[in-house]
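Just below is one structure, and these are the notes that go with it.
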Amino acid sequence: MCSSDLCAVAAGDPTMEVWACDFNPAHVERARRRAESAGLANCTFVEASFQQLIDDPSIGPAQVDVVVAHGVFTWVSKHNQALIGEFIRRRLRPGGVVYMAYSTSTGWSSISTLAETMRLHARASRLRSDVAVVEAAADVRRLADAGASFFPLAPRERNLVDLWDSSDPRYLAHDFLVGRYEPVMFDEVAAVMAAAQCVYVGDSRVATENPVWRSPDRCHQLVDEARDAVEYAMLCDIAVGRGFRCDVFRRGDQRASDADVARWLADLHLVATGKQLESGAVAPLPSGDIGLDVAFVAPIVEAAATQPVSALALRAIRPERSEEHTSELQSLAYLVCRLLLEKK
């Protein structure tokens with residue numbers, strides 16, 4: 001996570017202690033200034049490498065409830081990936097959770113090749129990275145226009161390349177000109193987490209946890225034939241050409257009881273954002289766009305417009321269930337996806 005996100009987390013809950021590390025001193029300095037300017041006493045930034053965190057237990061808290069590793073796993077070597085896992089094994093307390101977000105090979109196989117081409121171009125040009133990446137991107141397009149046999153790209157990757165013109169060159173340089181960028185597959189991450197005694201819980205983007213939305217309709221039967229959770233995740237990624245995963249792992253394989261779920265649902269509330277429901281609107285998911293069922297979700301939104309509504313309370317106001325909405329949590333997941341991620 002970037003420092004602005006971490007500061008936002010700290011500002012949102014003064015009782016939470018947020019601690020972060022980075023081996024780049026300039027990043028740490030900038031993050032500290034941001035936290036100081038916001039008056040955040042519960043947000044700490046430390047300069048340290050993964051190896052230092054393993055070698056020196058005095059750096060940072062002895063144990064933590066949550067570990068967040070957003071993107072970093074695919075920007076570091078296999079050795080450092082193992083160190084991340086070892087840090088989690090040593091510092092994450094039993095019952096704690098890990099948020100692990102990373103690029104996956106299923107949506108980056110072609111882009112990885114283009115990124116290497118762009119790195120070579122930028123290195124030869126000796127221009128500043130944000131200038132070099134624009135020139136390198138233009139060269140990639142010229143190759144495509146000239147009929148290079150490497151093209152056309154898969155749909156997701158083609159869409160990503162189409163966005164280069166409107167993207168911030170500094171962000172493109174960050175993505176494509178770094179020295180090491182190796183998208184991985186779910187099984188590789190799951191293996192590192194298993195060594196840290198962490199089990200896979202699910203996708204943090206709750207809408208994709210609905211089995212109906214995990215893969216396109218035409219792939220449901222094939223995906224459902226998977227023999228374990230790892231194979232299932234891999235097949236889903238292939239089915240949708242997933243380029244990025246946002247996984248949640250838990251330290252210790254402790255299953256929630258019905259009483260636990262009921263308590264969590266009672267504590268989980270839906271708050272209206274003020275957005276209007278429109279027929280014909282869609283929520284984009286990797287498996288495809290989901291049309292809005294206004295008749296199904298309108299009563300939920302209307303109830304939340306006046307006061308927060310618990311997930312359990314939805315049972316009293318929700319109309320008859322449909323194929324895509326088989327539980328209160330799935331209804332909430334749909335609304336989160338629809339209202340926050342809808343196409344403009």
Fill in: Set of salt bridge (charged side-chain N to carboxylate O under 4.0 Å, His left out) partners for Glu86, sequence neighbours left out
Arg89, Arg90
Worksheet entry | Selection residues 234-262 - residue pairs positive for ring-ring contact (aromatic ring centres under 6.0 Å, His included), sequence neighbours left out | His70-Phe244, Tyr200-Phe249
Worksheet item: With Arg32, which residues qualify under salt bridge (charged side-chain N to carboxylate O under 4.0 Å, His left out), at least two apart?
Response: none
Worksheet item: Can you list every ring-ring contact (aromatic ring centres under 6.0 Å, His included) pair that touches residues 10-35, not counting sequence neighbours?
Response: none
Item to complete: Kindly write out the residues that satisfy salt bridge (charged side-chain N to carboxylate O under 4.0 Å, His left out) with Arg218, not counting sequence neighbours, or none if the list is empty.
Response: none
Worksheet item: Can you list every side chain to side chain donor-acceptor pair (under 3.5 Å) pair that touches residues 135-154, not counting sequence neighbours?
Response: His121-Asp139, Asp139-Arg142, Arg141-Asp165
Item to complete: Please list all pairs passing the salt bridge (charged side-chain N to carboxylate O under 4.0 Å, His left out) test where one or both residues lie in residues 63-77, with sequence neighbours left out.
Response: Asp65-Arg93
Worksheet item: Applying salt bridge (charged side-chain N to carboxylate O under 4.0 Å, His left out), which residue pairs with at least one partner in residues 252-265 are found, sequence neighbours left out?
Response: Asp253-Arg255, Asp260-Arg263
Worksheet, complete the sentence: In short, salt bridge (charged side-chain N to carboxylate O under 4.0 Å, His left out) pairs touching residues 95-106 with sequence neighbours left out are none
Discussion item. Using the side chain to side chain donor-acceptor pair (under 3.5 Å) criterion, which residues pair with Asp130? Sequence neighbours excluded.
Written reply: Arg128
Discussion item. Taking Ala10's backbone N and O only, do any of them form a donor-acceptor pair with Asn42's side chain (distance below 3.5 Å, no angle check)?
Written reply: yes
Discussion item. side-chain contact (heavy atoms from CB on, under 4.5 Å) for Tyr102 and Val184? Distances and angles first, verdict last.
Written reply: CA-CA 8 Å; Tyr102 53 96; Val184 297; 3.6 Å; yes
Discussion item. Tell me every residue that passes salt bridge (charged side-chain N to carboxylate O under 4.0 Å, His left out) with Arg242, counting only those two or more places apart in sequence or in another chain.
Written reply: Asp237
Practice prompt. Please list all pairs passing the salt bridge (charged side-chain N to carboxylate O under 4.0 Å, His left out) test where one or both residues lie in residues 11-30, with sequence neighbours left out.
Written response: Glu29-Arg33
